[in-house]
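Everything on this sheet refers to the single structure shown next.
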2 protein chains.
Amino acid sequence: MDAKEGMENFIRLISAIPLFNGLPTEQLDAIRRIAVEKRYSKGQTIFSEGDKTTGFFVIVEGRVKIYKVSSEGKEQILHIFEAGQSFGEATVFTGQRMPANAQTLAQTHLLLFKRNAFVDLVSSNPSLAMNLLGIMSKKLRQFAAQIENLSLKEIPARLASYLVYLSEEQGTEDAVVLNVSKGQLASLLGTIPETLSRIFAKLSGQDLIRVEGPKIILTDRDGIENLAEHTKDDA
Amino acid sequence: MDAKEGMENFIRLISAIPLFNGLPTEQLDAIRRIAVEKRYSKGQTIFSEGDKTTGFFVIVEGRVKIYKVSSEGKEQILHIFEAGQSFGEATVFTGQRMPANAQTLAQTHLLLFKRNAFVDLVSSNPSLAMNLLGIMSKKLRQFAAQIENLSLKEIPARLASYLVYLSEEQGTEDAVVLNVSKGQLASLLGTIPETLSRIFAKLSGQDLIRVEGPKIILTDRDGIENLAEHTKDDA
DNA sequence: TTTTCATCTTGATTTAAGTCAATGTCATCG
DNA sequence: CGATGACATTGACTTAAATCAAGATGAAAA
């Protein structure tokens, strides 16, 4: 009974994850059998660049940052993943070493799917493959947007883009709450804390936003949206 | 007979494309039935950002650049695709509008797979789905590398990375031939022609390379590889 | 050949953002 | 409670790369 309850809990857990959406119970059970549960406290490293591929991860609870570090020690966050999202898919199919680092930003509960078992599962399971294709497509698109931001927009525009994104994410119109520290946000935007701090000050001075700790009030949402598109000039 | 020969030609054509690798003839034939042939001369636009999704493209012959343009008109090339490669996969699965522009760099022969037909084909064809997952994984990895380059490396290091990449691509040790104009290369590296030109001059002055038109001689390959990793300092 | 046009290079200058250094703020812990 | 340490801000300065502006090169067209 305990085992059965455990299984039911597990099924409930993973059926809420987009990747496993719409899969029949039978296949969820197959997924359960190859999943390995992993738990981490805040700030722990899950894997490092150059590690050999372990498999791919689904976040049940918590938050994980995927990042690169330059030879001078500057960090660029590629992505921050939340509960329900997955990471490391690509390494499963290319079979190369991990191309980046992963670290928890909070206490985190993961499911690890080891490479071979997962590949077998996907190849015999078209719905799962289609889900995965959808998820990877979305990631490709996000990366393309990040490349665009880094190359074509100045930092104020990148920040504005991020604020707009957050407000959509959070379903709010006129205020957002940063879900990472400002230092981490700097790394996500491809800059450093000092610069980000100055840009917060500058946008505040232009009455586009008001900064109250981690809460950012969008006093001029149109202005922010406009800034998010353009690269420079203006007032 | 003509029809049969045409089919055989087609099968030969597409079986050489990685995406369709290892598929049985029967399925190659199914692929043939949904492919639409498209031919373009050099410099033509295949699609523009914001167009509604048409489907996904395989390059039989020619070269295509995928790029974004900023509000000031600066261009960032996301990728240049060659014969045998495919692009636009992601839009098929997200169903959103085209997130970038595509333009031919040479006379180009494409196969277009319209969205619905292709999705049906993939979902009923695990090998094809797995091939596609492999290809998209590789693209994710390349995008991650591009983000790293843009954010963590200065332009000389980006150029050095690209030269190393080209020399691996071309299987040469000590010289590479640029496969795009220097102006296009600037856009690919996230900079402008003037800056790229100066950096070519600088690296030449350091006796790392010698520039002879589109041919770059790697007079100090170790130095180039070293530069590709580091961000700044040095001589 | 000479003209034309695109591509590329070089120079002078500006500017956005990084660096270095100091100081401020705040929560937690001993 | 004051002290420690992470996080954030501000200031002075440097620097990589963009911009603006001429030229140079080279290939194709007249």
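This structure is a prediction, so every number in the text was calculated from the model and none was measured. Each chain gets a letter, A, B and so on, in the order its sequence line appears, and its residues count up from 1.
- The aromatic ring centroids of A:Phe20 and A:Phe10 lie 6.0 Å or more from each other.
- Within residues 177-192 of chain B, the residues having any heavy atom under 4.0 Å from DNA chain D are, by residue number, B:Gly190, B:Thr191, B:Ile192.
- Residue A:Gln76 comes nearest to B:Ile147 through the heavy atom pair CG-CG2, 4.1 Å, listed as atom of the first residue, atom of the second, then distance.
- For the pair A:Glu72 CD and D:dT15 C1', the interatomic distance rounds to 14 Å; values are reported in whole Å.
- Protein atom CG of A:Leu152 is 16 Å distant from nucleotide atom C1' of C:dA16, rounded to whole Å.
- Between A:Arg198 atom CZ and C:dA22 atom P there is a gap of 15 Å when expressed in whole angstrom units.
- In this view, B:Tyr40 satisfies the ring pair (Phe, Tyr, Trp, His ring centres under 6.0 Å) rule with no residue, not counting sequence neighbours.
- Atom NZ in B:Lys202 sits about 16 Å away from atom P in C:dG11, given to the nearest Å.
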Begin with the C-alpha distance, continue with both residues' side-chain angles, and end with the deciding distance and a verdict on ring-ring contact (aromatic ring centres under 6.0 Å, His included) for A:Phe143 and B:Phe143.
-> CA-CA 6 Å; A:Phe143 272 174; B:Phe143 273 173; 7.0 Å; no
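- In this view, A:Gln44 and A:Ser41 satisfy the side-chain hydrogen bond (donor to acceptor under 3.5 Å, both in side chains) rule, not counting sequence neighbours.
- For A:Ser197, there are no side-chain hydrogen bond (donor to acceptor under 3.5 Å, both in side chains) partners two or more places apart in sequence or in a different chain.
- The side chain of A:Ser197 contributes an N or O atom lying less than 4.0 Å from OP1 or OP2 of D:dT9.
- A straight line from CG of B:Leu150 to C1' of D:dA17 spans 14 Å, rounded to a whole angstrom.
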For nucleotides 25-27 of chain C, print each protein N/O atom paired with a nucleotide N/O atom at under 3.5 Å, atom names and distance only.
none

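- Taking atom CD of A:Glu194 as the reference point, atom P of C:dT19 lies 8 Å away to the nearest angstrom.
- Classified by interplanar angle (parallel below 30°, tilted 30° to 60°, perpendicular above 60°), the ring pair A:Tyr162/A:Tyr165 is tilted.
- In this entry the distance linking NZ of A:Lys153 with C1' of D:dA17 reads 20 Å, nearest Å.
- For the helix from C:dT1-D:dA30 to C:dG30-D:dC1, the end axes, each set by the C1' atoms of five terminal pairs, are bent relative to each other by 20° (nearest 10°).
- Between the P atom of D:dA17 and the CG atom of B:Leu203 lies a distance of 11 Å, rounded to the nearest Å.
- Ring-plane geometry between A:Phe87 and A:Phe57 is classed as parallel, the angle between the planes falling under 30 degrees on a 0 to 90 degree scale with a further cut at 60.
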Show your working on salt bridge (charged side-chain N to carboxylate O under 4.0 Å, His left out) between A:Lys68 and A:Glu75 and close with a plain yes or no.
-> CA-CA 6 Å; A:Lys68 289 257 188 183; A:Glu75 171 189 296; over 6 Å; no
